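What follows is a short report on a single structure.
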Amino acid sequence: MQEDCMKRAIIDIGTNSVRLLEAERNESEDWIICKKEINSTRLGEGMSDSSKILEAAKERTLKAIREFSDMAKLDGYADIKGYGTSIMRDAVNGAEFADEIYSSTGIPVRILSGREEAFYSYMGAAGNSGVITSVVDIGGGSTEICLGFGNDIGMRYSFHLGAVRCSHLFDSTSPRGLGEIKKYCFDMFRRTDLINEANAVKNWIAVGGTATSMAAILQELEIYDSSKVQGYIMNQDTVTGLLERLCHMTYDERCHLPGLRPERADIIVAGVVILDALMEYFAIPEIRVSDRDLSEGLLDADIVMPKD
């Protein structure tokens with residue numbers, strides 16, 4: 001690798017996890033991923049539509065950001081950028097926390113809008129797809145959907161649907177609560193024109209911790225392997241079957257389930273319900289999982305999201 005190749009580190013500050021991505025641009029102007037790290041700090045602890053970020057959650061998250069920043073600097077990265085997502089744009093003290101991060105670490109934090117998050121998730125996962133593609137990003141606090149054809153970007157949506165958010169709003173341990181989550185999802189989808197666009201989609205891609213965890217669980221991966229997760233295909237029956245399986249497990253059993261990080265054991269059911277509801281509502285026959293997602297898209301965050 002030549003010394004003058006561009007190096008960039010991304011710190012993605014999510015509702016459930018903080019993630020670090022380090023990448024270098026090669027001579028062909030492609031980004032080569034050098035490192036990925038994750039720390040589940042649960043910044044959205046206790047989140048609701050009118051919540052503040054809790055002090056304990058801020059402390060955990062700030063500690064993780066400092067550690068990732070120091071790690072990137074030790075690895076030789078000077079270009080380090082932070083991005084906040086659902087919890088930081090929704091919480092009344094989200095912008096204040098971004099300022100705290102900058103004061104403490106020197107890392108500037110840009111809080112993404114829901115439509116920006118949808119756009120960059122698409123850019124990270126879809127690449128130059130040769131068919132009409134929809135990228136679905138199920139996060140901790142929100143779910144984004146972006147449609148496009150290659151770099152020709154179409155509809156972008158952001159829904160207040162997330163694994164952490166829905167786990168707080170509903171009882172994900174009871175059949176009634178699961179039904180309420182699904183109804184909530186249907187109500188959200190119904191408010192958009194997405195149903196008219198979805199019929200044209202030939203390639204559905206799912207990104208985010210819920211989707212990658214599902215792929216890892218279904219393959220019983222004791223150690224996460226991005227090469228096995230990337231491109232893994234799930235159909236509706238597979239998703240519904242996994243949901244039923246998870247619902248019949250205790251929290252402790254889920255903590256010891258191969259492929260599932262223990263810190264996701266309490267939110268995975270709500271996340272799977274969201275994907276199951278999406279596939280049912282839009283009659284999606286199969287969906288492909290991508291390990292490449294928002295973080296990869298943010299490597300080119302200088303690309304301005306197109307206007308409608």
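Please read these numbers as outputs of a predicted model, since none were measured by experiment.
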Just do the salt bridge (Lys or Arg N to Asp or Glu O under 4.0 Å) check on R60 and E45 with the steps written out, would you? CA-CA 11 Å; R60 293 192 300 268; E45 179 183 8; 2.8 Å; yes
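- For the residue pair T240 / Q236, a side-chain donor-acceptor distance below 3.5 Å is found, with atom types taken as modelled.
- For E100, the side chain to side chain contact (heavy atoms under 4.5 Å, CB included) partners at least two apart in sequence or on another chain are K58, E96, F97.
- Residues F68 and E37 have side chains in contact (heavy-atom distance under 4.5 Å, counting atoms from C-beta outward).
- For R19, the salt bridge (charged side-chain N to carboxylate O under 4.0 Å, His left out) test picks out D12, D293, with sequence neighbours left out.
- Between P258 and I217, the closest side-chain pair of non-hydrogen atoms is not below 4.5 Å.
- Scanning all heavy atoms of the two residues, the minimum distance from L299 to R8 falls at O-NH1, 2.6 Å.
- Under the side chain to side chain contact (heavy atoms under 4.5 Å, CB included) criterion, K73 pairs with S69, I80, not counting sequence neighbours.
- Under the 3.5 Å distance criterion, with hydrogens and angles disregarded, a donor-acceptor pair is assigned to the side chains of S104 and R66.
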Given S142 and R89, is the side chain to side chain donor-acceptor pair (under 3.5 Å) satisfied, shown in steps? CA-CA 11 Å; S142 63; R89 63 175 170 263; 3.1 Å; yes
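- Scanning for salt bridge (charged side-chain N to carboxylate O under 4.0 Å, His left out) contacts around K228 gives an empty result, with sequence neighbours left out.
- Checked against side chain to side chain donor-acceptor pair (under 3.5 Å), D266 has the following partners two or more places apart in sequence or in another chain: R42.
- A donor and an acceptor atom, one from each side chain of S28 and D30, are nowhere located under 3.5 Å apart.
- No hydrogens or angles considered: nothing links the side chains of N39 and T41 as a donor-acceptor pair under 3.5 Å.
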May I have the step-by-step check of salt bridge (Lys or Arg N to Asp or Glu O under 4.0 Å) for D187 and K183, ending in yes or no? CA-CA 6 Å; D187 288 344; K183 180 180 181 299; 3.2 Å; yes
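- A 4.5 Å side-chain heavy-atom check between I65 and T61 finds at least one atom pair inside the cut-off.
- For E144 and S121, the side-chain atoms include no donor-acceptor pair closer than 3.5 Å.
- Salt bridge absent: R156 and E117 never bring a charged side-chain N and a carboxylate O closer than 4.0 Å.
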The test is salt bridge (Lys or Arg N to Asp or Glu O under 4.0 Å); show your working for D90 and K52 and say whether it passes. CA-CA 9 Å; D90 291 344; K52 292 181 66 174; over 6 Å; no
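- Here CE of M6 is found 5.0 Å from CZ of R25. Values are rounded to the nearest 0.5 Å.
- Listed by first and then second residue, the ring pair (Phe, Tyr, Trp, His ring centres under 6.0 Å) pairs involving residues 185-210 are F159-F189, F186-Y281, F189-Y281, F189-F282 (not counting sequence neighbours).
- Residues Y83 and V109 are not in side-chain contact: their nearest non-hydrogen atoms beyond the backbone lie 4.5 Å or more apart.
- Side-chain contact between C185 and L278: absent, with no pair of heavy atoms (C-beta onward) separated by less than 4.5 Å.
- A donor and an acceptor atom, one from each side chain of N16 and E263, are nowhere located under 3.5 Å apart.
- Heavy atoms of other residues, nucleotides or ligands lying less than 6.0 angstrom from CZ of R176 number 12 at most.
- Remark: the backbone N or O of I13 is paired with a side-chain donor or acceptor of T85 at under 3.5 angstrom.
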Give the intermediate values and the outcome of side chain to side chain donor-acceptor pair (under 3.5 Å) for residues W31 and D300. CA-CA 9 Å; W31 286 108; D300 289 311; 3.1 Å; yes
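- Between E197 atom CD and L147 atom CG the span is 6.5 Å, to the nearest 0.5 Å.
- No donor-acceptor pair under 3.5 Å is formed between the side chain of E67 and the backbone N or O of A64.
- The existence of a salt bridge linking K7 and D79 is excluded, since no basic side-chain nitrogen approaches an acidic carboxylate oxygen closer than 4.0 Å.
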Take E280 and K182 through the salt bridge (Lys or Arg N to Asp or Glu O under 4.0 Å) test and state the conclusion after the steps. CA-CA 10 Å; E280 180 179 338; K182 182 168 280 193; 3.0 Å; yes
Might you work through the side chain to side chain donor-acceptor pair (under 3.5 Å) test for D193 and Y157, ending with a clear yes or no? CA-CA 10 Å; D193 294 327; Y157 298 96; 5.3 Å; no
